[in-house]
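Here's the structure, in structure tokens; my notes come after.
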Amino acid sequence: MAIERLHTDHERAVADFIAEFAAANEERIPACFRPADGSFADTVEQFAKHERGEGLPDGWVPSSSRFLFDGERILGVLNLRHWLTDSLLQFGGHVGYSVRPSERRKGYGTQLLKHAMTMAREREIERILITCASDNLASAGVIRACGGVFDNRIFFEPVGHEVDRFWIDLHSDPNS
């Protein structure tokens with residue numbers, strides 16, 4: 001297994017990944033798979049630009065996306081936002097991650113979050129905010145297992161549901 005940036009040779013893997021979420025009636029994947037007006041190479045370049053802070057839609061911040069691969073198959077994705085806006089302080093936080101529906105409950109979410117923590121340390125981010133829907137017990141478990149400390153629960157109007165907010169101090173356990 002490997003966690004890596006998206007490359008142009010991953011087009012079929014991405015299509016398969018997105019199709020599995022669609023088949024499970026899940027639309028939200030924490031990566032910027034906006035409808036492409038161009039080629040898959042344009043999508044790959046879009047990810048690279050977002051990491052450099054270029055070509056961001058209004059209200060977005062620079063972010064780094066990585067994909068967990070098992071061979072040619074994508075198991076999950078993580079997105080590390082380099083800083084937070086007022087909105088991201090409420091919902092979204094620094095890290096988004098998702099594991100494809102058929103691969104959940106196998107430890108991949110924890111692997112992705114730990115990798116995001118390493119990336120955040122490399123960017124000298126001292127603590128990260130992670131949010132999840134209040135009824136997403138699996139995600140809350142992953143966050144807690146990685147050192148997340150519950151902050152509060154809020155109702156976030158734009159998504160229409162309660163959100164739990166957790167903080168992870170990245171200097172409390174450098175081995176996590």
Side-chain angles (χ1 to χ4, degrees), residues 1-6 14 17-18 21 26-34 46-53 56-57 59-70 74-101 103-154 156 158-159 161-176:
M1 278 189 242
I3 297 178
E4 57 189 71
R5 286 181 171 94
L6 194 63
V14 168
F17 184 66
I18 293 170
F21 279 88
E26 295 183 30
E27 295 178 11
R28 184 165 170 75
I29 303 172
C32 51
F33 291 118
R34 294 185 322 208
Q46 173 184 289
F47 276 95
K49 283 182 176 180
H50 287 192
E51 189 160 351
R52 295 188 306 262
L56 296 169
W60 285 37
V61 300
S63 62
S64 302
S65 296
R66 300 292 185 272
F67 295 81
L68 174 61
F69 283 88
D70 184 9
I74 297 174
L75 302 178
V77 61
L78 74 87
N79 183 263
L80 173 69
R81 294 169 199 93
H82 301 176
W83 64 78
L84 300 178
T85 62
D86 288 341
S87 180
L88 287 171
L89 270 169
Q90 301 301 307
F91 178 78
H94 286 96
V95 179
Y97 61 91
S98 191
V99 175
R100 69 186 307 144
E103 297 294 337
R104 293 181 180 155
R105 305 206 188 292
K106 298 179 181 179
Y108 300 133
T110 301
Q111 190 174 345
L112 287 164
L113 181 50
K114 285 185 176 187
H115 191 82
M117 292 166 63
T118 298
M119 290 171 58
R121 282 186 191 100
E122 290 168 356
R123 291 193 163 278
E124 299 182 1
I125 300 171
E126 295 184 10
R127 65 185 207 146
I128 55 174
L129 174 68
I130 306 157
T131 68
C132 66
S134 61
D135 62 352
N136 190 342
L137 301 180
S139 188
V142 166
I143 296 165
R144 283 189 172 98
C146 290
V149 176
F150 180 78
D151 183 32
N152 64 359
R153 176 175 287 169
I154 63 167
F156 190 61
V159 296
H161 60 77
E162 289 185 326
V163 174
D164 287 354
R165 300 172 67 250
F166 298 84
W167 287 95
I168 297 177
D169 180 351
L170 296 177
H171 298 293
S172 64
D173 181 6
N175 297 316
S176 62

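Counting heavy atoms from C-beta outward, Leu113 and Ile143 have side chains that approach closer than 4.5 Å. Residues Asp151 and Phe166 form no side-chain contact, since every pair of their non-hydrogen atoms from C-beta on lies 4.5 Å or further apart. Looking at Leu80 and Arg123, their side chains come closer than 4.5 Å, going by heavy atoms from C-beta outward. At a threshold of 4.5 Å between non-hydrogen side-chain atoms, the residues Ile154 and Phe91 do not count as touching. Annotation: side chain of Arg165 is not in contact with side chain of Phe150 (no heavy-atom distance under 4.5 Å).
More than 12 non-hydrogen atoms from other residues, nucleotides or ligands lie less than 6.0 angstrom from CZ of Arg52. In Lys106, the NZ atom is crowded: over 12 heavy atoms of neighbouring residues, nucleotides or ligands sit closer than 6.0 Å. Within a 6.0 Å radius of CG in Asp86, other residues, nucleotides and ligands contribute 12 heavy atoms or fewer.
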query: Under the side chain to side chain contact (heavy atoms under 4.5 Å, CB included) criterion, do Ser64 and Arg5 qualify, and how do the steps go?
result: CA-CA 9 Å; Ser64 302; Arg5 286 181 171 94; over 6 Å; no
field: Evaluation steps, side chain to side chain donor-acceptor pair (under 3.5 Å), between Asn79 and Ser65
entry: CA-CA 4 Å; Asn79 183 263; Ser65 296; 2.7 Å; yes
- request: Under the side chain to side chain contact (heavy atoms under 4.5 Å, CB included) rule, what do Cys132 and Val163 come out as? Steps first, then yes or no, please.
  value: CA-CA 6 Å; Cys132 66; Val163 174; over 6 Å; no
field: Residue pair Val61, Leu88: steps toward the side chain to side chain contact (heavy atoms under 4.5 Å, CB included) verdict
entry: CA-CA 9 Å; Val61 300; Leu88 287 171; 3.9 Å; yes
Worked check of side chain to side chain contact (heavy atoms under 4.5 Å, CB included) between Phe21 and Ser98: CA-CA 10 Å; Phe21 279 88; Ser98 191; 3.3 Å; yes
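Going from atom CG of Leu56 over to atom CD of Glu51 covers 11.5 Å, rounded to the nearest 0.5 Å. Atom CH2 of Trp167 is separated from atom CG of Leu129 by 4.5 Å, given to the nearest 0.5 angstrom. The CG atom of Leu6 lies 10.0 Å from the CD atom of Gln46; values are rounded to the nearest 0.5 Å. The NZ atom of Lys114 sits 14.5 Å away from atom CG of Leu78, with the distance rounded to the nearest 0.5 Å. Atom CG of residue Leu89 and atom OG1 of residue Thr131 lie 10.5 Å apart, to the nearest 0.5 angstrom. In this structure, the separation between CD on Glu124 and NE2 on His171 is 8.0 Å, given to the nearest 0.5 Å.
Taking each heavy atom of Val95 and Ile128 in turn, the nearest pair found is CG2-CD1, 3.9 Å. Nearest heavy atoms, Arg81 versus Ser63: CA-CB, 4.0 Å. In this structure, Ser139 and Tyr97 approach most closely via the heavy-atom pair OG-OH, 2.9 Å. Closest approach of Thr85 to Gly59, counting heavy atoms only: CG2-O, 4.0 Å. Here the closest non-hydrogen pair linking Leu170 and Ala120 is CD1-CB, 3.5 Å. Between Val99 and Gly109 the shortest heavy-atom distance is CG2-N, 3.6 Å.
Of the charged side-chain nitrogens involved, at least one lies within less than 4.0 Å of a carboxylate oxygen, so that Glu26 and Arg104 count as a salt-bridged pair. A salt bridge does not link Glu103 with Arg100: every distance from a Lys NZ or Arg NE/NH1/NH2 to an Asp or Glu carboxylate oxygen is 4.0 Å or more. The residues Glu126 and Arg121 are annotated as not salt-bridged, no charged nitrogen and carboxylate oxygen being separated by less than 4.0 angstrom. A salt bridge does not link Asp169 with Arg127: every distance from a Lys NZ or Arg NE/NH1/NH2 to an Asp or Glu carboxylate oxygen is 4.0 Å or more.
Between the side chains of His115 and Arg66, no donor-acceptor pair is found at a separation under 3.5 Å.
Under the 30°/60° scheme for interplanar angles, the aromatic rings of His50 and Trp60 are found to stand perpendicular. Using cut-offs of 30° and 60° on the angle between ring planes, the pair Phe69 and Phe67 is tilted.
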